[in-house]
Amino acid sequence: MKPFLIKNKSILCGKVNLPGDKSIAHRALILSALSCGKTILKNFPVHEDSLATLNALSALGVAILRKGNQILVSGKGRGGLRKPGKPIFAGNSGTTLRLLLGVLAAGDFKCKITAGKYLSLRPMARVNVPLRLMGADIRAKIKANQEYAPIVINGGHLKGIVYRPPVASAQVKSAMLLAGLSAKGRTRIIEGLSTRDHTERMLKFFGANISVNNKSITLNPDKDLITPGEIYIPGDISSAAFFMVLAAIAPGSKVSIERVSLNPGRIGIIKVLKRMKAKIKVTTFKRNISQGFEPLGNIVVSSSKLKSTMIAASEIPSLIDELPILMVVACLAQGKTIIKDAGELRVKETDRINSMVKNLKGMGADISVSKTGSQENIIIKGKGRLFGANLKSFGDHRTAMSMIVAALAAEGKSRIDDVSCINKSFPGFLATLQALLKG
Ligand code: S3P
């Protein structure tokens, strides 16, 4: 791929509707496949990760038709999936792989899941361990005592368990809930820190017997999943984050992001930017949240002078995917920003602490990592400016998009080595950016 050239500063203006939320899209596909009846998914985001789940479900015998950003899934019901003819390829989509493990744990066949270059390096014991406790037979590649893909899973008779995940992970929780749909007895997950609750909401939307009491989630598998008929997938707030930040830092900017997901487990970015004195107005639409609808609304951001902040460990799950772009904002704000307990970034598509620290240092930032026990904290002394540089995506979509935003706000020209990884979550990113950039 040719290096991509970025010229400095511009104003961001206009309105935008973004493709549907990636996390919600995976769950909408999976629950539609496991339910009885046909489901139409609207505003479906077409990217490498969502297609990985779609193709996997097709390989498992689910009829799925796609016309642009609309999908029609003909559900097979719980227990209706069939053994695929060859191994399932999860690409580099962690959500595809981990959630599918939950689905396949309940299947009555043996199946192998393989992964792409980046996903093959990501830890899998976090999901394999609880699924084994539920009764699944899972064999993974072992290296230095850690478990990785490829994974062979032999589904079978599962039992519900009570589990306290040692890492805050919505993927682990979701895999267990999906397995719990076919288990004997109740599955209860007690989270230390609450993570995004898209699976819980969507299970409710499909009529499952699920209850949430603070950090304790209980699923009783006594009800079949019934399709709600149609699901509108609200815009992806993790994609919106790049435009929110650019509008907040580029003087004279004002951007309105419409019909975007405002799930309470995902709005950490809004809270932090507001603390940093960003001008943000959120309008929430009226929806029947109690039935499992996802909250959504419009976000209007205009530019202002930004100040530093402290991001607490308890906030991390609500903004985990936005930490790379928040590191960029912290460099462009005035003062010392501390991001506490950011270690999970090391096991994303790439080691995002390494990718962001290297890139931002190259742009003149004062950014460092400190350790308190096993906890890694990122310290950024914001100087209000960055300088153009040669940047690297490290094959990671969020590093690439964050660095493009940094380059647009920087003084001088930048180059980034490879932006094809953006196709993982947001193939239209550059075109959308181009349409909003003025001047
Ligand atoms: C996701 C959960 C988060 C997030 C990932 C998507 C999901 O990961 O980082 O991009 O859709 O459940 P963890 O479950 O590892 O926290």
Side-chain angles (χ1 to χ4, degrees), residues 23-24 26-39 53 56-57 60-62 73-83 95-111 126-138 153-165 169-191 194-229 231 290-293:
S23 290
I24 299 176
H26 288 294
R27 287 145 172 97
L29 280 172
I30 293 172
L31 291 190
S32 300
L34 298 180
S35 73
C36 303
K38 290 189 192 305
T39 312
T53 296
L57 292 168
L60 289 161
V62 184
V73 185
S74 300
K76 287 271 179 186
R78 286 184 298 178
L81 302 182
R82 62 145 204 250
K83 183 177 166 67
T95 312
T96 302
L97 175 44
R98 295 189 177 125
L99 268 56
L100 268 188
L101 285 172
V103 173
L104 294 170
D108 54 2
F109 50 83
K110 190 171 171 178
C111 177
R126 54 180 62 193
V127 61
N128 293 347
V129 166
L131 291 177
R132 282 188 194 114
L133 290 173
M134 293 177 81
D137 172 7
I138 302 179
I153 177 158
N154 204 347
H157 300 288
L158 302 180
K159 60 173 191 301
I161 58 167
V162 178
Y163 190 67
R164 295 170 191 270
S169 164
Q171 293 173 349
V172 171
K173 169 177 67 177
S174 303
M176 291 188 67
L177 290 172
L178 291 168
L181 281 174
S182 303
K184 192 161 177 258
R186 284 182 307 188
T187 297
R188 177 169 292 158
I189 300 141
I190 304 163
E191 298 194 286
S194 295
T195 62
R196 60 190 71 188
D197 64 354
H198 303 302
T199 306
E200 295 91 303
R201 283 175 195 268
M202 202 162 284
L203 279 167
K204 201 178 256 181
F205 205 39
F206 277 82
N209 188 351
I210 182 162
S211 60
V212 181
N213 188 354
N214 193 15
K215 291 189 176 119
S216 165
I217 303 125
T218 308
L219 175 77
N220 192 326
D222 57 350
K223 285 191 181 164
D224 277 333
L225 299 179
I226 307 294
T227 174
I231 300 174
S290 63
Q291 279 178 9
F293 280 94

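In this text the structure is predicted, and so the values were computed from the model without any measurement.
Interatomic distance, Leu225 CG to Thr39 OG1, rounded to the nearest 0.5 Å: 10.0 Å. Summarising the geometry, atom CD1 belonging to Ile231 is positioned 7.5 Å from atom CG belonging to Leu31; distances are rounded to the nearest 0.5 Å. Rounding to the nearest 0.5 Å places CD1 of Ile30 at 10.0 Å from CE of Met202. Here the straight-line distance linking atom OG of Ser182 with atom CG of Leu34 works out to 7.5 Å at 0.5 Å rounding. The structure places CD1 of Ile190 at 9.0 Å from CD1 of Ile217, a figure rounded to the nearest 0.5 Å. Note: Leu181 CG to Thr187 OG1 = 8.5 Å, rounded to the nearest 0.5 Å.
Shown here for Ser174 and Leu99, the closest heavy-atom pair between the two residues is CB-CD1, 3.7 Å. When all heavy atoms are compared, the tightest approach of Leu219 to Ala208 is CD1-CB, 4.3 Å. The heavy-atom pair separating Gly102 from Leu131 by the smallest distance is N-CD1, 3.9 Å. Contact between Gly160 and Ala183 at its shortest, heavy atoms only, is N-CB, 3.7 Å. When all heavy atoms are compared, the tightest approach of Ala175 to Arg98 is CB-O, 3.2 Å.
At distances below 3.5 Å, at least one donor-acceptor pair connects side-chain atoms of Arg78 with backbone N or O atoms of Pro221. Side-chain atoms of Lys223 never come within 3.5 Å of backbone atoms of Ile210 as a donor-acceptor pair (strictly under, hydrogens ignored). No donor-acceptor pair closer than 3.5 Å links the side chain of Glu200 to the backbone N or O of Lys204. Of the possible donor and acceptor atoms, one in the side chain of Lys173 sits under 3.5 Å from a partner among the backbone N and O of Arg196.
Side-chain contact check for Thr227 and Ser35: no donor-acceptor pair (N or O, by modelled atom type) lies under 3.5 Å. A donor and an acceptor atom, one from each side chain of Thr199 and Arg27, are located under 3.5 Å apart. Remark: the Thr218 side chain and the Arg186 side chain contain no N/O donor-acceptor pair separated by less than 3.5 Å. Side-chain contact of Ser23 with His198: a donor-acceptor pair under 3.5 Å is absent, judged by distance alone. Using modelled atom types and a 3.5 Å distance limit, the side chains of Ser169 and Arg126 yield no donor-acceptor pair. Remark: the Lys38 side chain and the Ser74 side chain contain an N/O donor-acceptor pair separated by less than 3.5 Å.
Residue Lys184 places its NZ atom among 12 or fewer non-hydrogen atoms of other residues, nucleotides or ligands, all under 6.0 Å distant.
For the salt bridge (charged side-chain N to carboxylate O under 4.0 Å, His left out) test, no residue two or more places apart in sequence or in another chain qualifies with Asp108. For Arg132, the salt bridge (charged side-chain N to carboxylate O under 4.0 Å, His left out) test picks out Glu147, with sequence neighbours left out. The ring-ring contact (aromatic ring centres under 6.0 Å, His included) search around Tyr163 returns none, not counting sequence neighbours.
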